[in-house]
Amino acid sequence: MIEIEQTKQTLFEHGYEFKQIIGNGGFSSVYLCHSTKYNQDFAVKQARKEKITKYEFNMLVSLDHPNIIKIYDVFEDECSQYLVMEYCPNGTILQKGKLTYEQFIFYSKQILNALEYCHSNKIAHRDIKPENILIDNYNNAKLADFGMAKIFDENSKSDEKCGTIKYFPPEMFLFEKICPFKADIWSLGITFYCM
């Protein structure tokens, strides 16, 4: 586990006051932090350097869409890289539970727009799931967690097995090469079913 006192010190040195842990993943933790400079809360994702990919930072910097999480700052210490992102205080689509028809239509349009924007920029997300769709303080959906995202040509196939297993398309279980954009659509369908 990443040493929390060192983390708090690194955050403080960069102008962020640690408030609480708001998420944990296999290779990273996400903290709610307050910027003393901007007097605003941010979500700061900390990932061990040996476990991070260059993709997440590159993807978030290159994407500018109202339904994709925004990145504002990046810094590092000896062991970790920190991504400072917008904070979405209303949780995830998963935490919302079963939605009404009107809620489903509202959120699904936003998610579709975000994914279409990614795909039009040749970016496959590769981990679409309810936990990776956040709800901001204006009740809008934000596609997040681009840690597995990657740029592909339109007709590319991939044999990489990445994402979350219950959202995998059947071809992935057969160890076939798949179109990563179509795999995103499959995962989106499972996400819509959960919603």
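Because the structure is predicted, anything quoted here is derived from the model rather than measured.
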> As an exercise, state the distance from CD1 of I93 to CD1 of I133, rounded to the nearest 0.5 Å.
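Separation between the atoms: 6.0 Å.
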> In terms of the angle between their ring planes, are Y72 and F42 parallel, tilted or perpendicular, with boundaries placed at 30° and 60°?
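The rings of Y72 and F42 stand perpendicular, inter-plane angle above 60°.
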> Determine whether L143 and M195 fall in the same hydrophobic cluster, where Ile, Leu, Val, Met, Phe, Trp and Tyr are linked whenever their side-chain heavy atoms lie under 4.5 Å apart.
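They do share one cluster, since a chain of ILVMFWY contacts under 4.5 Å joins L143 to M195.
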> Determine whether I151 and S62 satisfy the following criterion, side chain to side chain contact (heavy atoms under 4.5 Å, CB included), listing intermediate values before the conclusion.
CA-CA 11 Å; I151 295 175; S62 68; over 6 Å; no
> At what distance, to the nearest 0.5 angstrom, does CG of L188 lie from NZ of K129?
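L188 atom CG to K129 atom NZ measures 14.5 Å (nearest 0.5 Å).
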> Transitively linked via ILVMFWY side-chain contacts under 4.5 Å: I111 with L60?
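I111 clusters together with L60.
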> Backbone N or O of I135 within a donor-acceptor pair of the N139 side chain at under 3.5 Å?
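Checked: no pair found.
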> Just verifying a value: how many Å separate E17 CD and K8 NZ, rounded to the nearest 0.5 Å?
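Answer for the CD-NZ pair, E17 versus K8, is 10.0 Å.
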> Step through the shown structure and confirm whether more than 12 heavy atoms of other residues, nucleotides or ligands are within 6.0 Å of OH on Y38.
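Result for OH/Y38: open.
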> Per the side chain to side chain contact (heavy atoms under 4.5 Å, CB included) rule, which among I22, N24, I4 passes with S29?
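With S29 as partner, side chain to side chain contact (heavy atoms under 4.5 Å, CB included) holds for just one option, N24.
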> Apply side chain to side chain contact (heavy atoms under 4.5 Å, CB included) to the pair V84 and F75, showing each step before the final yes or no.
CA-CA 9 Å; V84 180; F75 52 88; 3.6 Å; yes
> Hey, any chance V74 and L32 share a hydrophobic cluster, counting ILVMFWY side chains that come within less than 4.5 Å of each other, even indirectly?
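Each belongs to a different hydrophobic cluster.
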> Hey, does Y167 have a side-chain heavy atom less than 4.5 Å from the side chain of C194?
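Sidechains of Y167 and C194: in contact.
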> Is the closest side-chain donor-acceptor distance between E3 and T7 under 3.5 Å?
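There is no such pair (donor and acceptor under 3.5 Å, judged by atom type) between the side chains of E3 and T7.
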> Hey, does the side chain of K161 reach the backbone of D159 with a donor-acceptor pair shorter than 3.5 angstrom?
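Checked: pair present.
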> Would D145 and K45 pass as an ion pair if we require N to O under 4.0 Å?
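A salt bridge links D145 with K45.
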> Drop me the distance from Q46's CD to F18's CZ, to the nearest 0.5 angstrom.
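So the CD of Q46 and the CZ of F18 are separated by 9.5 Å.
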> So does N155 get a backbone contact from the side chain of D153, meaning a donor-acceptor N/O pair under 3.5 Å?
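No, D153 side chain to N155 backbone: no donor-acceptor pair under 3.5 Å.
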> What's the separation between atom SG in C118 and atom CG in L63, rounded to the nearest 0.5 Å?
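Nearest 0.5 Å value for the SG-CG distance: 5.0 Å.
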> Is any side-chain heavy atom of D127 closer than 4.5 Å to one of T164?
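In contact.
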> Side-chain contact, heavy-atom cut-off 4.5 Å: Q110 with Y107?
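Touching, per the 4.5 Å side-chain cut-off.
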> Are side-chain heavy atoms of I190 and K166 found at a separation under 4.5 Å?
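Contact flag for I190/K166 side chains = no.
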> Within the distance-only criterion (no hydrogens, no angle test), does the side chain of N132 pair as donor or acceptor with the backbone N or O of I128 below 3.5 angstrom?
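Not a single qualifying donor-acceptor pair exists.
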> Taking distance alone, no hydrogens or angles, what donor-acceptor pairs closer than 3.5 Å link side-chain atoms of residues 171-185 to residues at least two apart or in another chain?
| from | atom 1 | to | atom 2 | distance (Å) |
| --- | --- | --- | --- | --- |
| D184 | OD1 | R126 | N | 2.8 |
| D184 | OD2 | H119 | NE2 | 2.8 |
| D184 | OD2 | H125 | N | 2.8 |

> Step by step, would you call E5 with Q9 a side chain to side chain contact (heavy atoms under 4.5 Å, CB included)?
CA-CA 6 Å; E5 290 309 314; Q9 181 62 35; over 6 Å; no
> State, to 0.1 Å, how close K142 and P66 come at their nearest heavy-atom pair, and which atoms those are.
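Reported closest heavy-atom pair: NZ-O, 2.8 Å.
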> Are Q6 and E78 close enough, and set up right, to give a side chain to side chain contact (heavy atoms under 4.5 Å, CB included), and what steps lead you there?
CA-CA 10 Å; Q6 174 61 45; E78 282 184 27; over 6 Å; no
> Is atom CD of E13 surrounded by more than 12 heavy atoms (other residues, nucleotides or ligands) closer than 6.0 Å?
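Count over threshold, so yes.
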> Taking T92's backbone N and O only, do any of them form a donor-acceptor pair with Q95's side chain (distance below 3.5 Å, no angle check)?
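Yes, the answer is positive, given that a donor and an acceptor are paired below the 3.5 Å cut-off.
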> Check for a donor-acceptor pair, side chain of N137 on one end and backbone N or O of P89 on the other, with a separation under 3.5 Å.
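No, because the side chain of N137 does not come within donor-acceptor range (under 3.5 Å) of the backbone of P89.
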> Any chance the side chains of Y82 and D73 put a donor and an acceptor closer than 3.5 Å?
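No - no donor-acceptor pair under 3.5 Å links their side chains.
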> Find the distance between OH (Y16) and NE2 (H34) and round it off to the nearest 0.5 Å.
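The distance works out to 11.0 Å.
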> Please confirm whether the ring centroid of F104 lies under 6.0 Å from the ring centroid of F192.
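Centroid separation for F104 and F192: below 6.0 Å.
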> Just grab all the salt bridge (Lys or Arg N to Asp or Glu O under 4.0 Å) pairs involving residues 60-70, residues at least two apart or on different chains.
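Every pair satisfying salt bridge (Lys or Arg N to Asp or Glu O under 4.0 Å) with a residue in residues 60-70: D64-K70.
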> Would I123 and W186 show up in the same hydrophobic cluster when neighbours are defined by side-chain heavy atoms closer than 4.5 Å?
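No, because I123 and W186 fall into different hydrophobic clusters, even though each may have its own neighbours under 4.5 Å.
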> Test your reading of the model: is there a side-chain donor-acceptor pair from N90 to the backbone of D136, 3.5 Å cut-off?
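Yes, the answer is positive, given that a donor and an acceptor are paired below the 3.5 Å cut-off.
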> Measure across S80 and D77 and return the closest heavy-atom pair with its distance rounded to 0.1 Å.
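What the structure gives for the nearest pair is N-OD1, 2.8 Å.
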> Are the side chain of T36 and the backbone of G15 linked by a donor-acceptor contact shorter than 3.5 Å?
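Flag set: sc T36 to bb G15 pair under 3.5 Å.
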> Please check if F168 and L94 belong to a single hydrophobic cluster, counting links between Ile, Leu, Val, Met, Phe, Trp and Tyr side chain heavy atoms closer than 4.5 Å.
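No, F168 and L94 fall in different hydrophobic clusters.
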> Measure across A114 and N67 and return the closest heavy-atom pair with its distance rounded to 0.1 Å.
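Scanning both residues, the minimum pair turns out to be CB-O, 3.5 Å.
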